[in-house]
2 protein chains.
Amino acid sequence: MLTDKPYHHGDLRKSLLAAAEAELAERGIEAFSLRAVAKRAGVSHAAPAHHFGDGNGLLTALAAEGFRQFLAAQTAREAVAAPDAASQLVAAGLGYIDFAMQRPALFRLLWGSARPDFGDAELGRAAAASYQHLVDQVTAAGGRTVADESAVWAMAHGLADLLSAGRMLSIGSSAPGDRDAVIAGMLRRCLPGGQGG
Amino acid sequence: MLTDKPYHHGDLRKSLLAAAEAELAERGIEAFSLRAVAKRAGVSHAAPAHHFGDGNGLLTALAAEGFRQFLAAQTAREAVAAPDAASQLVAAGLGYIDFAMQRPALFRLLWGSARPDFGDAELGRAAAASYQHLVDQVTAAGGRTVADESAVWAMAHGLADLLSAGRMLSIGSSAPGDRDAVIAGMLRRCLPGGQGG
DNA sequence: CCTCTATCTTGACGGTGTCAGGATTATGGA
DNA sequence: TCCATAATCCTGACACCGTCAAGATAGAGG
């Protein structure tokens with residue numbers, strides 16, 4: 001059928017995920033509305049239930065996809081960085097922060113929301129893959145202790161959270177090139193082999 | 001009148017703030033309900049409006065009070081730390097993280113929510129005081145650059161956010177004493193005078 | 001004592017998530 | 001080809017939510 005509004009959507013699941021991310025970006029996680037997502041996708045208010053169960057189910061699926069893109073942002077930076085382990089680890093941190101600044105709403109969903117079900121298998125795999133990547137990078141850079149691993153992570157995450165929320169204006173308002181250099185310097189302070197810990 | 005339910009509450013404003021924090025801790029910011037706060041305070045659903053305007057107004061007032069306690073958590077750690085500037089700065093970081101772990105919901109309200117009105121005068125003062133304290137501490141410790149200031153902040157904030165959300169189990173699950181030592185070591189990596197930046 | 005104001009309640013409105021039941025379309029075996 | 005079955009989507013309903021309007025009650029000041 002080629003009417004204006006076919007009863008079956010085609011790929012509603014994908015459309016709903018895209019609409020959900022757009023709604024998230026425009027209204028924020030705290031004003032997220034399942035009915036608004038359905039309306040944006042041009043579908044009835046109860047349609048999402050057949051694909052995701054409830055609102056948290058939709059956000060769980062979106063978070064799983066988000067974690068994959070989060071990891072991709074890190075590997076994208078690594079691909080254009082120097083091949084030594086330290087540079088690769090710094091590049092991963094820059095990718096971590098890229099993602100947070102370019103898609104702050106999604107970053108919030110991944111790290112600052114209780115709505116996704118982190119017991120979900122698919123989300124669990126995506127999140128674990130992203131964590132494993134961190135561990136591998138730190139190990140390759142000579143990290144041995146828990147502090148080695150946690151330090152770079154916390155530094156990258158702290159910068160990502162503060163910058164994406166617009167709370168760290170001193171760095172956030174500078175030009176991207178300068179910003180990268182400053183951030184890289186801070187990440188390097190946390191590389192394995194630092195004092196303490 | 002000494003009946004069971006006097007028409008006037010006495011200090012409803014304070015009761016509502018306490019009820020709001022309890023609701024926040026139990027249900028999270030994303031499920032925060034103004035009516036539930038009113039019910040917990042034993043008052044009608046529209047009563048909060050007379051003291052705070054709307055829901056965001058209540059959360060704005062709660063955030064202002066939260067920032068004061070946030071700063072107090074830092075100075076409490078400083079009071080029992082060595083007097084040199086570096087130790088004081090590390091102590092402030094430990095207090096930052098104490099607050100996040102002991103009152104995660106409130107920490108989320110301060111740093112991860114769009115609901116408080118950060119243009120509000122009282123909240124602005126409280127937040128600025130907390131930021132100024134950081135700047136003073138870093139300056140006293142010999143910090144000169146933006147990176148000096150941002151590095152300790154980001155490290156403390158990253159640890160606080162990840163630990164309070166239960167995402168950094170390697171450190172979060174260890175005993176408080178050991179945890180403090182590890183965290184202090186990581187904070188020291190970010191002290192002014194570090195390489196880079 | 002009486003008025004004025006602050007405080008709190010009740011009632012209503014539209015919006016939201018979720019469930020039940022019905023309508024429409026695709027699928028796969030006869 | 002035809003039809004039963006499943007998948008997909010819609011309509012309607014319910015309780016809860018935030019907010020506004022209007023009324024009731026209590027305190028404060030002349």
Side-chain angles (χ1 to χ4, degrees), chain A residues 1-24 26-63 105 109 113-117 120, chain B residues 1-24 26-63 105 109 113-117 120:
Chain A
M1 277 243 278
L2 291 178
T3 71
D4 281 342
K5 289 221 165 189
Y7 199 92
H8 282 356
H9 180 281
D11 196 351
L12 182 54
R13 186 187 156 89
K14 187 177 295 181
S15 296
L16 286 172
L17 286 172
E21 187 181 350
E23 282 288 321
L24 218 55
E26 286 182 15
R27 312 215 296 163
I29 181 83
E30 287 155 336
F32 181 81
S33 157
L34 195 53
R35 282 172 115 107
V37 170
K39 181 174 293 185
R40 181 185 282 261
V43 97
S44 85
H45 64 263
H50 296 274
H51 293 272
F52 302 103
D54 57 5
N56 288 357
L58 203 176
L59 292 173
T60 299
L62 186 59
L109 179 69
S113 173
R115 298 198 61 179
D117 174 17
D120 175 78
Chain B
M1 276 245 278
L2 292 178
T3 71
D4 281 342
K5 287 221 166 192
Y7 201 93
H8 283 355
H9 179 282
D11 195 352
L12 181 55
R13 186 187 157 89
K14 188 177 297 183
S15 296
L16 285 171
L17 286 173
E21 187 182 351
E23 282 288 320
L24 219 54
E26 287 182 13
R27 311 216 296 164
I29 182 82
E30 288 154 327
F32 181 80
S33 157
L34 196 54
R35 283 173 115 105
V37 170
K39 182 175 292 183
R40 181 184 283 262
V43 96
S44 85
H45 65 263
H50 296 274
H51 294 272
F52 302 102
D54 58 4
N56 288 357
L58 203 177
L59 292 173
T60 299
L62 185 58
L109 179 69
S113 173
R115 297 197 61 178
D117 173 18
D120 175 79

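Every heavy atom of this structure was used, including side-chain atoms; hydrogens, water molecules and symmetry mates were not. Within every chain, numbering begins at 1; the chains are lettered A, B, ... in the order of the sequence lines, protein sequences first and strands thereafter.
Donor-acceptor pairing under 3.5 Å is recorded for the side chains of A:Ser113 and B:Glu30.
Taking atom CZ of residue A:Phe52 and atom C1' of nucleotide D:dC9, one finds them 14 Å apart after rounding to whole Å. In this structure, the CG atom of B:Leu16 is 10 Å from the P atom of C:dT9, given to the nearest Å. Per the geometry, CG belonging to B:Leu12 stands 10 Å off P belonging to C:dT7, to the nearest Å. Atom pair A:His51:NE2 and D:dT8:C1' shows a separation of 7 Å (rounding to whole Å applied). Between B:His50 atom NE2 and D:dA24 atom P there is a gap of 15 Å when expressed in whole angstrom units. Atoms CD (B:Glu30) and C1' (C:dG17) sit 15 Å apart, rounded to a whole Å. Rounded to whole Å, the distance from CD1 on A:Ile29 to P on C:dG17 is 12 Å.
Between A:Ala36 and A:Glu23, the closest heavy-atom pair is CB-OE1, 3.5 Å. Taking every heavy atom of both residues into account, B:Ala61 and B:Phe52 meet most closely at CB-CE2, 3.7 Å.
A side-chain contact (heavy atoms from CB on, under 4.5 Å) with B:Leu16 is found for one member of B:Val37, B:Leu34, B:Leu62 and no other, namely B:Val37.
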Mind listing the N/O atom pairs, protein and nucleotides 16-18 of chain D, below 3.5 Å?
| from | atom 1 | to | atom 2 | distance (Å) |
| --- | --- | --- | --- | --- |
| D:dC17 | OP1 | B:Ser33 | OG | 3.4 |
| D:dG18 | OP1 | B:Leu34 | N | 2.4 |
| D:dG18 | OP2 | B:Leu34 | N | 3.0 |
| D:dG18 | OP2 | B:Arg35 | N | 2.8 |
| D:dG18 | N7 | B:Arg35 | NH1 | 2.3 |
| D:dG18 | O6 | B:Arg35 | NH1 | 3.0 |

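In this structure, OG on A:Ser44 lies 7.0 Å from NE2 on A:His50, to the nearest 0.5 angstrom.
Distance alone, capped at 3.5 Å, places no donor-acceptor pair between the A:Ser15 side chain and the A:Ala41 backbone.
Within the 4.0 angstrom heavy-atom criterion, only backbone atoms of the sugar-phosphate kind lie near A:Ala47; the bases stay farther away.
Each of A:Gly53 and B:Asp11 has a nearest nucleotide on DNA chain C; the 5'-most of these lies closest to B:Asp11.
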